[in-house]
Amino acid sequence: MKYLHLVLRSLFRSRRRTLLTVAFLAVSVFLVATLQSILATLDGFANNPNAANRVAVRHKVSLTNLIPMRYQDWIRQQPEVEATMAIQWFGGIYQDPRNFFANFAAEPEPIVRIFREEIVEYTESEFKDFLRDRNGCIVGKSLADKFGWKVGDVVTLQGTIFPMNPRLTVRGTWKSKRQADEQVLYFHFKLLEEGVPRIAGRVGSFWVRAKNADDVPRLIERIDRHFSDALEPTQSETENAFQLNFLKMMGNIAAIIHSITGAVLAALLVVTANTMAMAIRERTTEVAVFRAMGFTSLQVLGILMAEGILLSLMGGVGGIALAWLGAGAIQQGIGSVIPWLADFAIPTETLLFCLHASMGLGLLSTLVPAWRAVRRPIIEGLRAL
Amino acid sequence: MNGEAIIRCEGIAKSYFRDSLEIPVLQGLDLEIPRGGYFALMGPSGSGKTTLLNLIAGIDRPTGGSLEVCGYRLNDLDDDELAGWRAIHVGFIFQNYNLVPVLNAFENVELPLLLQPLSRAQRRARVLEALALVNLEDRMWNFPRQLSGGQEQRVAIARAIVSDPRILVADEPTGALDAKNAEEVMALLERLNQDLGKTILLVTHDPKAAHHARVQIHLEKGVLDRTVEVNR
Ligand SMILES: Nc1ncnc2c1ncn2[C@@H]1O[C@H](COP(=O)(O)OP(=O)(O)O)[C@@H](O)[C@H]1O
Ligand SMILES: [Mg+2]
């Protein structure tokens, strides 16, 4: 600690060189941290789909064609099936079209079971109130917070697809593992059926939950075959069918990001090593003077290493700070367009990786020139002018 | 020579090696310097003055002979022990001062004390004392580039004495100074010898500077040529 002033002053001996190096380090670490965080966030979605055993059943022609409710009776009886739920995209607007969020009319009883990966934390009594109140709704916590809704508040949705404006009483809220899953509102499908008589007995889709993820392909095949000759044939697919495609693409993105990271770290090593080699070479005589005064090789090495590590840590912390600031921008800017990035954040592992990488970089880049400097005979150092 | 010898060289030999080529510099040199002595080491350029000084100060090792300084046989100490020994027993004064440019006068003088188990307050007291000795207390917040050559050398002398070593080695300390500043530095060394009892080994080829010493020893072709007591 008593050497801190010495280390700091030496570090800023050549202010320009140090600041340039720190700036270069910071920008590079920012780049690495951001890329790695994007990768981690996308990975989170692709590798951990909320439910691998959830199947969506809809009309073969399109999502806007409705299918008969009674199909559900047959589906429910299949041995692989754990639960089913009719659900309809309502697409209602709250006050202003810009307040976009997902809202569905759904059969209320199975909601918690079908969406147990999303509806993680909720109050039993609130959800019972919701089941009892045909004009009730449940909303994700972060959505409720966004509009300041409390249990008991009345939320009026303005129908866009259906000619009705339901007045819904918030009966409960829930929390999810990730923000994106809390941006949803559900109300009773019965309310929609009553308000829009023409859809009676029909619905946009069913969510079917298989008991076992392995049964999903067989179940999909069986459902679609069973209804293939019906007037309204179905099309079923897994929730992460899309994500599987996505995963393939991800393989490439990951490879690119990893090679960029590697290249950036290598460039950083060269730049830092060069800075430190220059900083140490300039001080050949000084190192010899320190040792003549009685500092041991190890003590001088320690001082030089502290300098190198501090230099790269300054860059690393600066870069992480930049990435952290940038993360907010990405989450709010790009995240509102690309749902995958709505939960974008710098994961702790990425943060630690960047800290360790910059520390390791400082260590590596300083060790060789510092070691050579302190191994050099004192008298040679004193003669080098 | 009277008094107990603080520096004792017996049959000291030193050769440098360049690409397996042996360059003999010192060849079987004997020398004793008593405690409190003030010796000027003189001789033509390349005669091995700096080499001998470096051996005695423990920053280089002889290729032959035995070296005893301040009661330690330096031949027997390993590198770290030698460093610890230097920290306690020797103060260095260089021709080009060798102050650390990013530290001010106070911090430069404080450096050797960082190696000792002293509190910040204790270090401060010792630094102020050393700076007072060289008469530069009013310059302690100045950085080397804000000081004249003479002042820089005086700061360097304060740094050399701050840990109270028994021996001071000075290799051409006035080599870079004008006559007036050189005279000031020499007067300062003389005071350190007389008032504080420091044993001083001074390398110089300036007869005026050498005149401040009590004994002049002449080195010629790797051996001591003659020893002259300075009469004043
Ligand atoms: N590190 C070294 N390697 C090779 N030769 C050296 C080295 N240091 C000094 N010498 C040679 O040793 C001789 C004595 O040098 P030095 O002790 O510096 O002389 P002085 O100080 O009397 O001028 C010179 O010939 C010099 O070239
Ligand atoms: Mg010399």
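Convention: sequence-line order gives letters A, B, ...; per-chain numbering from 1. Keep in mind it's a predicted model, so treat the numbers as computed, not measured.
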query: Of the backbone (N, CA, C, O) and the side chain (C-beta and beyond), which part of B:Arg123 lies under 4.5 Å from a heavy atom of chain A, both, or neither?
result: side chain
- request: Please look at B:Gln116 and chain A and tell me whether the side chain, the backbone, both or neither of the residue comes under 4.5 angstrom of a heavy atom of that chain.
  value: backbone
- prompt: Does the A:Glu182 side chain pair with the main chain of A:Ser176, one donor and one acceptor, at a distance under 3.5 Å?
  reply: yes
- prompt: Quick one: CG on B:Leu136 to CG on B:Leu131, what's the gap to the nearest 0.5 Å?
  reply: 6.5 Å
query: Any side-chain heavy-atom pair from A:Thr296 and A:Leu301 closer than 4.5 angstrom?
result: no
message: Taking side chain as everything from C-beta outward and backbone as N, CA, C, O, which of these in A:Phe295 sits under 4.5 Å from a heavy atom of chain B? Side chain, backbone, both or neither.
response: both
task: Name the member of B:Val90, B:Asp80, B:Ile59, B:Leu115 that forms the most heavy-atom pairs with chain A at distances under 4.5 Å.
output: B:Leu115
message: Using a 6.0 Å distance limit plus a 45 degree cone around the ring axis, check whether B:Arg139 lies over the aromatic ring of B:Trp141.
response: no
